[in-house]
Amino acid sequence: MRTDPDRIRESQRRRGEDEKIVDSLIAADQAMRTARQHFDELRNQQKLIGKDIGPLQGQLKKADDAAKPALQAQLDGLMAKAQALAEETKAAELASGDAAAEAELLWLQIPNLVNLDSPVGGEADFTVIEHVGVPRDFAAEGFVPKDHLEIGEALSAIDVERGAKVSGSRFYYLTGPGAELEFALLNLAMDHARQHGLIPMITPALVLPTAMEGTGFLGQAAENVYRVESDDLYLVGTSEVPLAAFHSEEIIDVADLPKRYAGWSSCFRREAGSYGKDTRGIIRVHQFDKVEMFVFCDPANAEAEHANMLAWEKEFLDALELPYRVIDVATGDLGSSASRKFDIEAWIPTQDAYREVTSTSNTNEFQARRLRIRMRDGETTKPLATLNGTLCAMPRVIVAILENHQQADGSVMIPAALRPYMQGRTQLS
RNA sequence: GGAGGCGUCGCCUAGUCCGGUCUAUGGCGCCGCACUGCUAAUGCGGUUUGGGUUCAUCCCCAUCGAGGGUUCAAAUCCCUCCGCCUCCGCCA
């Protein structure tokens, strides 16, 4: 901000967001520094006077009667000066605090700087990086594919009606084979994570406001966050939040980086503003479970770590034998914390479309600054970089498996990689 | 939920009763230097974090769990909150 404000303006422009806020921020920062200096100066004076008062009182106590009036007068003078200064200092302290709060408020409103390689534009302006696998030709196989809900209900794997009865729309039960599928996916995902050196974690699903704010979810995404008002806690929409906040307020030696985790938690999303979208089945739901990868690293290595996570996501989907494409998400669709984001979209036959199943973001120092996570590099400390990536979001992966691996007789082939986690079974029927 | 104890700059710790010489004591660890065949030991110096200022050094401000208050002045007094420990109760 101080050395290269145009870089922020450029980022705002690419995101399609307000540029003028940068000028407001610079002004607020300058005002904060001026107020701070004023306060510092007054406080210094105050301390210098205070330092004389103590000893003088001591002298006064020990002095003989002849000397007392002079000392008393001197003391009164100092006290009067100190009293006047105290008032001025208190006012300056308040002004300094207000100015800092104002600058902070603006600072929190500015999303992360976009990576200049991200395609510019809105939700539809992503670029496709690659296609992997080939969607099945059901016509050639001689049958019309059923959608995941029809298959899931026939297999007694998914129950959305009772989900709605008990909890409302966008809730569901995974029953029998559906639940087994989730447990198998969880174990497969965690084995993958462990093989790549990620530390398995089970995280809290309720977090304090600081964790939510620090990860950038109370900005434009705030309407999708559940809040437990009576305790001032938030339900996380992803374990990215508790994983990021895990090291908040900490200073990590650069030699101990990178730190890589795989967190398992339930995720809660209000899905406000998506009424009428994906209302059938379990593509878009209020509660689901997810294995999320999270990395803390030196900013110099952030892009390499990002590539790692994308590779691990692909590897997982490859193991599930799902066709997918990888996209480079456009600037307008990054969310406030990401500077670059790659989504993987799996082929969903009955929608004749690719749908998001994973998302990996490089958030650089954005979350680390807000959560005060630093690294010690020799003499200096500075913010580190954080990155996150989905390893396995249960409902959507289950949808992809049911639809892509369905057979004409209504059964579903279990991908070979998953069989060891399902007692060796080869199909659900 | 009840009662009691506690929270000090990496770790341990002094200071809190009774406000000012606290510029927060000492030990351990760590870093640098000196001495030294090497290591060890010893000696000397340094070692919280954030901010302001500066080419840089210096210097200044804040920071003793957090936030308020009293005061010329708060680690120290008052209030609220948070966390940890012990015991009791309840509980998957």
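Heavy atoms only: backbone and side chains are in, while hydrogens, waters and symmetry mates are out. Letters A, B, ... mirror the listed sequences (proteins, then strands); counts begin at 1. Predicted model, so just to flag it, every value in this text is computed and none were measured.
- For the ring-ring contact (aromatic ring centres under 6.0 Å, His included) test, residues two or more places apart in sequence or in another chain that qualify with A/His247 are A/Tyr261, A/Phe296.
- Rounded to whole Å, atom P of B/C11 lies 12 Å from atom CD of A/Glu250.
- Distance check on atom C1': B/A73 versus B/G19 gives 8 Å, rounded to whole Å.
- Within the structure, the salt bridge (charged side-chain N to carboxylate O under 4.0 Å, His left out) test picks out the following pairs touching residues 34-44 of chain A (sequence neighbours left out): A/Arg36-A/Asp40, A/Arg43-A/Glu93.
- As judged by a 4.0 angstrom heavy-atom cut-off over every strand, A/Arg33 is placed among residues touching the sugar-phosphate backbone only.
- Contact between the side-chain N/O atoms of A/Arg376 and the OP1/OP2 oxygens of B/C31 is not found at any separation under 4.0 Å.
- Here the nucleotide nearest the side chain of A/Arg2, chosen from B/G52, B/G50, B/C72, is B/G52.
- Comparing the same atom, C1', in B/A14 and in B/G7 gives a spacing of 16 Å after rounding to whole Å.
- Crowding of A/Arg13 atom CZ: a count of heavy atoms from other residues, nucleotides or ligands under 6.0 Å exceeding 12.
- Here the separation of B/G29 from B/A41, taken at their P atoms, is 8 Å to the nearest Å.
- Atom CG in A/Asp232 sits roughly 17 Å away from atom P in B/G67 (whole-Å rounding).
- In this structure, A/Arg372 reaches neither bases nor backbone, as no heavy-atom distance under 4.0 Å exists between it and the strands shown.
- Nucleotide B/U57 forms a pair with no other nucleotide shown, judged by Watson-Crick or G-U wobble geometry with both contacts under 3.5 Å.
- Put simply, A/Arg374 has a side-chain N or O that comes within less than 4.0 Å of OP1 or OP2 on B/G50.
- Spacing between B/G51 and B/A92 at atom P, rounded to whole Å, works out to 49 Å.
- Within the structure, side-chain hydrogen bond (donor to acceptor under 3.5 Å, both in side chains) contacts touching residues 97-114 of chain A (residues at least two apart or in different chains) do not occur.
- Each of A/Ile251 and A/Phe39 lies near RNA chain B, and the nucleotide nearest A/Ile251 is the one positioned closer to the 5' end.
- The backbone N or O of A/Arg14 sits less than 3.5 Å from a side-chain atom of A/Thr331, completing a donor-acceptor pair.
- RNA chain B is contacted by A/Ala82, A/Gln83, A/Ala86, A/Lys90 of residues 82-99 of chain A, taking any non-hydrogen atom closer than 4.0 Å.
- If you take atom P in B/C61 and the same atom in B/A74, they sit 13 Å apart, rounded to whole Å.
- Protein atom CE of A/Met32 is 13 Å distant from nucleotide atom C1' of B/A62, rounded to whole Å.
- Here the CG-CG distance, from A/Asp23 to A/Leu106, works out to 11.0 Å after rounding to the nearest 0.5 Å.
- In a base pair of the Watson-Crick type (N1 to N3 plus N6-O4 or O6-N4) or a G-U wobble (N1-O2 and O6-N3), with each distance short of 3.5 Å, B/U42 is matched with B/A34.
- When the P atom is compared between B/C22 and B/C17, the two are found 15 Å apart, to the nearest whole Å.
- Residues forming a side-chain contact (heavy atoms from CB on, under 4.5 Å) with A/Arg194 (at least two apart in sequence, or on another chain): A/Asp191, A/Pro200.
- We find that CD of A/Glu249 is positioned 11 Å from P of B/G50, with the value rounded to whole Å.
- Pairing for B/U23 is absent, judged as Watson-Crick or G-U wobble with the two contacts each under 3.5 Å.
- Under the ring-ring contact (aromatic ring centres under 6.0 Å, His included) criterion, A/Phe316 pairs with A/His192, sequence neighbours left out.
- A/Arg369 comes within contact range of no nucleotide atom at all, as no heavy-atom separation falls under 4.0 Å.
- Residues from residues 43-53 of chain A placing a heavy atom under 4.0 Å of any atom in RNA chain B, listed by number, are A/Arg43, A/Asn44, A/Gln46, A/Lys47, A/Gly50, A/Ile53.
- Pairing partner, B/A92: none, since no Watson-Crick or wobble contact has both distances short of 3.5 Å.
- Nucleotides B/U13 and B/A66 place their C1' atoms 23 Å apart, quoted to the nearest Å.
- To the nearest 0.5 Å, atoms NZ (A/Lys341) and CG (A/Asn115) are separated by 14.0 Å.
- When the side-chain nitrogen and oxygen atoms of A/Gln37 are compared with OP1 and OP2 of B/U53, one or more of them lie within a distance under 4.0 Å.
- B/C77 and B/C6 are spaced 12 Å apart, taking the P atom of each and rounding to whole Å.
- Shown here, B/G83 forms a base pair with B/C6; the pair counts as Watson-Crick or G-U wobble because both key distances fall under 3.5 Å.
- The side-chain contact (heavy atoms from CB on, under 4.5 Å) test applied to A/Pro5 returns A/Arg9, A/Val22, A/Ile26, not counting sequence neighbours.
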Side-chain atoms of residues 388-401 of chain A: list all donor-acceptor pairs with protein atoms under 3.5 Å, sequence neighbours left out, distances to 0.1 Å.
| from | atom 1 | to | atom 2 | distance (Å) |
| --- | --- | --- | --- | --- |
| A/Asn388 | ND2 | A/Glu240 | OE2 | 3.3 |
| A/Thr390 | OG1 | A/Ser359 | N | 3.1 |
| A/Thr390 | OG1 | A/Ser359 | O | 3.3 |
| A/Arg396 | NE | A/Ile283 | O | 2.8 |
| A/Arg396 | NH1 | A/Glu356 | O | 3.1 |
| A/Arg396 | NH2 | A/Ile283 | O | 3.2 |

